[in-house]
Amino acid sequence: MRKSIPYGHQNITEEDIQTVIETLRSDYLTQGPKIKEFESAFAHYVGAKYAVAVNNATAALHIGATALGVKPGDKVIVTPITFASSANCIRFCGGEVVFCDIDKDSYTIDIDKVAKLLKDAPLGTYKGVVPVDFGGYPVDMESLRELADKYHLWIMEDACHAPGGYFIDSKGEKEYCGNGKYGDVNVFSFHPVKHLTTGEGGMATTNSKELYEKLCLYRTHGITKDPSLLVKNDGGWYYEMQALGFNYRLTDFQAALGISQLKRANAGLLRRHQIAKRYDEAFSKIKDIQIPKVTDNFFHAYHLYVIRIPDRLGLYNYLHDNQILAQVYYVPLHLMPYYRQYGYKEGDLPVAEDYYQHCLSLPMFPTLTDEEQEYVIEKVISFMS
Ligand SMILES: Cc1ncc(COP(=O)(O)O)c(C=O)c1O
């Protein structure tokens, strides 16, 4: 029988393994030189000033929301088509999540609807917004920033799906997802199905020194040893707990894996684009398949390749019967039992709900072979006809 084809998969090379082994043999398992090296290589890759490595992206979102000052009762606007932690980080701080519908073509937060929410409420009602570069499609951060500035909102860009994705701004410049030019804090995940992996892992980026210092503080129990930040100094050993923080540190051997993975990031993106092009060519002629729509000036990072079809359950079951483990991302967050307790119900966010009824993520990862992709295409087409 054919080996199952997952929707996403890590790519670990012999070089990655050797790099991790070397770090395991070094003097540092955690908080050693590899963390700083990974942070600066990653910051450079996405074009941000500062990067803070953490043990997963949920932790990055949590310290991000904490550093941005989310307090009980603060209202924050979040997209419903995302993984739970994009919204949960607001709840961790006691904030109130207000879901806003998505755009029907990009599946990212609908900026016109965000504008309407802001316009219809007294100034100061909302404190921030969490857009997600969903599936790898970059949010139009330039437009969102303009709106956020008008209403004094902070932005935390969840770029977990989009390292290497970018859009071209109004001056003709490439703006990489999570580069910190528009998002105050930006977040990435290194879970195995993502573009780069460290097993579990995450990164927060920012261009603000003040936010960077807060992110560092919250990552490590709220404790600092930095002489320039201490209230007093009793000597070389002295440290201070200045805030209520967490232990969200990444280990050095994970950072070593991240550094090694980062070297292949562009090659991985290129391969994702080849795979997307092949799917596009195969499916664009099939009447009932809607392929991803990509606007000019947007460079998709293709974490996911999402098609929309009338009979999603039928195709999902058929593909699974044929060892193709297509997946559904995401069940809208506002319809989760947890968020329903705040009054959300079916019909509240019609575009997101319609998206959910018909979406299916097909296998998309750099090591997917041409033969495997051919098989996926053949099975999708045979079901559709
Ligand atoms: C959009 C998005 N945000 C946040 C996360 C959380 O990432 P992690 O698993 O690293 O905590 C994920 C992971 O699936 C995600 O897809």
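Read the numbers this way: they start at 1 and go in the same order the structure lists the ligands and their atoms.
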What atoms in ligand 1 come closer than 4.0 Å to a heavy atom of Ser86?
3 (N)
Which atoms from ligand 1 have a heavy atom of Thr82 less than 4.0 Å away?
1 (C)
Looking at Gly201, which atoms of ligand 1 are within less than 4.0 Å of one of its heavy atoms?
10 (O)
Contact region, Ala57 to ligand 1, non-hydrogen atoms below 4.0 Å, reads both
Are there more than 12 heavy atoms of other residues, nucleotides or ligands under 6.0 Å from atom OH of Tyr342?
yes
Do Lys36 and Glu39 meet the salt-bridge criterion of a basic N to acidic O distance under 4.0 Å?
yes
Please indicate whether Gln341 has more than 12 foreign heavy atoms, meaning atoms of other residues, nucleotides or ligands, lying under 6.0 Å from its CD.
yes
Please determine whether a side-chain nitrogen of the Lys or Arg among Lys277 and Glu281 lies less than 4.0 Å from a carboxylate oxygen of the Asp or Glu.
yes
Number the atoms of ligand 1 from 1 as they appear, then name those within less than 4.0 Å of a heavy atom of Ser189, with their elements.
7 (O), 8 (P), 10 (O)
Is the Tyr107 ring parallel, tilted or perpendicular to the Phe134 ring (thresholds 30°, 60°)?
perpendicular
Starting from atom 15 (C) of ligand 1, locate the nearest protein heavy atom and write down its residue, its atom name and how far away it is, to 0.1 Å.
Phe83 CB, 3.5 Å
What atoms of ligand 1 come closer than 4.0 angstrom to any heavy atom of Tyr330?
16 (O)
Does an N or O anywhere in Glu200 fall below 3.5 Å from an N or O of ligand 1?
no
Here the atoms of ligand 1 under 4.0 Å from any heavy atom belonging to Ser85 are 4 (C), 5 (C), 6 (C)
Contacting atoms of ligand 1, where contact means under 4.0 angstrom from a heavy atom of Asn56
10 (O), 11 (O)
Is Arg145 salt-bridged to Asp149, going by a charged N under 4.0 Å from an acidic O?
yes
Can you list everything that forms a side chain to side chain contact (heavy atoms under 4.5 Å, CB included) with Glu346? Sequence neighbours excluded, please.
Leu335, Arg340, Glu353
Counting only heavy atoms, which portion of Thr58 has something under 4.0 Å from ligand 1: side chain, backbone, both, or neither?
both
Would you check the N or O atoms of His161, main chain and side chain alike, for any that come under 3.5 Å of an N or O of ligand 1?
yes
So which protein heavy atom does atom 3 (N) of ligand 1 come closest to, and at what separation?
Asp158 OD2, 2.7 Å
Give the residue, atom name and distance (to 0.1 Å) of the protein heavy atom nearest atom 13 (C) of ligand 1.
Lys194 NZ, 3.1 Å
Taking atom types as modelled, find out whether Asp103 and Thr108 have a side-chain donor-acceptor pair closer than 3.5 angstrom.
no
